[in-house]
Amino acid sequence: MSCAEKDFLFTADARRRAEDILAENGVQFHVQVFSGMEHGFAAKGDARDPDVRWAKEESARGVVAWFDKYAA
């Protein structure tokens, strides 16, 4: 999961519950939380902002790396 710190749809409590559910079920997962980012940063964030651009790129790298490891 690639998450924003400030997310009105997937709150910190919801994220923690999702982690608990995944762990309880023995599922392999990886969580990234990007401080200062808001919901949608990875899809529609302003790439002119260096912090948003970095978070978008790191999010993409993390997701690709997870798929390379577990979906191969």
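Quick caveat, the model's predicted, so the values are computed rather than measured.
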| Considering residues at least two apart in sequence or located in another chain, which fulfil the salt bridge (charged side-chain N to carboxylate O under 4.0 Å, His left out) criterion with Arg17? |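 Counting only residues at least two positions away or on another chain, Arg17 forms a salt bridge (charged side-chain N to carboxylate O under 4.0 Å, His left out) with Glu24.
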| request: Sorted by first residue and then second, give each side-chain hydrogen bond (donor to acceptor under 3.5 Å, both in side chains) pair with at least one member in residues 33-42; sequence neighbours left out. | output: Asp7-His39
| Nearest-0.5 Å distance, CZ of residue Arg15 to SG of residue Cys3 | 5.5 Å
| Euclidean distance, Phe10 CZ relative to Met1 CE, rounded to 0.5 Å | 5.0 Å
| remark: Nearest heavy-atom approach of Val31 to Phe29 is CG2-CD1, 3.6 Å
| Where do Gln32 and Ser2 come nearest, in terms of heavy atoms and distance? |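 What the structure gives for the nearest pair is NE2-OG, 3.1 Å.
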| task | Look at the aromatic rings of Phe34 and Phe41 and report parallel, tilted or perpendicular, splitting at 30° and 60°. | result | tilted
| request: Keeping the roles fixed (side chain from Asp49, backbone from Asp51), state whether a donor-acceptor pair exists under 3.5 Å. | output: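 Checking the backbone N and O of Asp51 against the side chain of Asp49, a donor-acceptor pair under 3.5 Å is found.
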| query | Is Met37 linked to Val33 within one hydrophobic cluster, defined over Ile, Leu, Val, Met, Phe, Trp and Tyr using a side-chain heavy-atom separation of less than 4.5 Å? | reply |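 The answer is no; the residues belong to distinct hydrophobic clusters.
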| field | Co-membership, hydrophobic cluster, residues Phe67 and Tyr70, 4.5 Å side-chain | value | yes
| said: Under the salt bridge (Lys or Arg N to Asp or Glu O under 4.0 Å) definition, can you give me all pairs with a residue in residues 60-72, not counting sequence neighbours? | reply: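 Residue pairs with at least one partner in residues 60-72: Glu58-Arg61.
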